[in-house]
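Counting begins at 1 with the first residue of the sequence. Remember, predicted model here, so these are calculated numbers, not experimental data. Both counts, for ligands and for their atoms, begin at 1 and track the order of listing.
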Amino acid sequence: FGPQPLLGRQVVITAGPTREPLDPVRYLSNHSSGKMGFALAEAAKALGAEVTLVSGPVSLATPAGVSRLDVESALQMRDAALGAAAGCDIFIGCAAVADYRPASSQPQKIKKSQDKLTVEMVKNPDIISEVAALAARPRLVVGFAAETQDVEHYARDKLQRKGLDLIAANAVGDGLAFGQDDNQLTLITPDRQLPLPRASKRDLARQLMAELATLLSEKA
Ligand code: C5P
């Protein structure tokens, strides 16, 4: 390879959290910072790719030369991701998509009149599974799995269930993953397993993108 093994390749990455509206002023969300997804976008760009970053609300600058689509809810992220992913070369689902959303968002601000408030939640669509099932499926569909226990077992299960080519598994806790600059990843494919030692998210992003460039060339 030359220094730009992804030259002319289209890479689509989801990043950050989603916000699930409760009413016009409130939402449910999570602590995802978007750092890993933004680092991946930067690394893919450096390898020559045309990169689209579908981002939930984060406070990060867009890497130079990367196209960014800003979304808030999981449903918005799904629309943007499916539109951008169809026919692309590599799709990476790095976003921490909310598993559930309030069944309905109230049109007016919820008043604090009752002592108890029950919110009914419904399941959000699994964006990466839908991308992997597209007729114009990306050539590589890559997911992340953050687990607190049995990391490899659960990651392998997700790889199969969601129809992915590779999953990057990381253990949550011990100052790793959410919001941190450092991470530890194990790259898992149907027939291989590659542990990457603890490193900065930028460093891990470069290693993962280099691995994906190799996988893509093997597929061609
Ligand atoms: O099932 P779990 O949320 O642990 O799976 C994580 C992987 O699936 C990540 O790649 C994440 O971006 C993706 N995902 C998704 N849509 C969801 C939930 C997770 O694309 N609704």
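Partners of Leu82 according to the side chain to side chain contact (heavy atoms under 4.5 Å, CB included) rule, which considers only residues two or more places apart in sequence or in another chain, are Arg78, Glu130, Val131, Leu134. Taking the side chain to side chain donor-acceptor pair (under 3.5 Å) definition, one finds that Thr18 meets it with Glu20, sequence neighbours left out. With sequence neighbours excluded, the residues satisfying side chain to side chain contact (heavy atoms under 4.5 Å, CB included) with Leu47 are Pro5, Leu6, Met209.
Here the straight-line distance linking atom CD1 of Ile92 with atom CG of Leu40 works out to 5.0 Å at 0.5 Å rounding.
Protein residues are said to neighbour a ligand when one of their heavy atoms lies under 4.0 Å from it; for ligand 1 these are Gly93, Cys94, Ala95, Val97, Pro125, Asp126, Ile127, Ile128, Gly143, Phe144, Lys158, Lys162.
In the model, Arg19 has no side-chain atom that pairs as donor or acceptor with a side-chain atom of Ser29 under 3.5 Å. Side chains of Gln106 and Arg26: no donor on one and acceptor on the other come within 3.5 Å.
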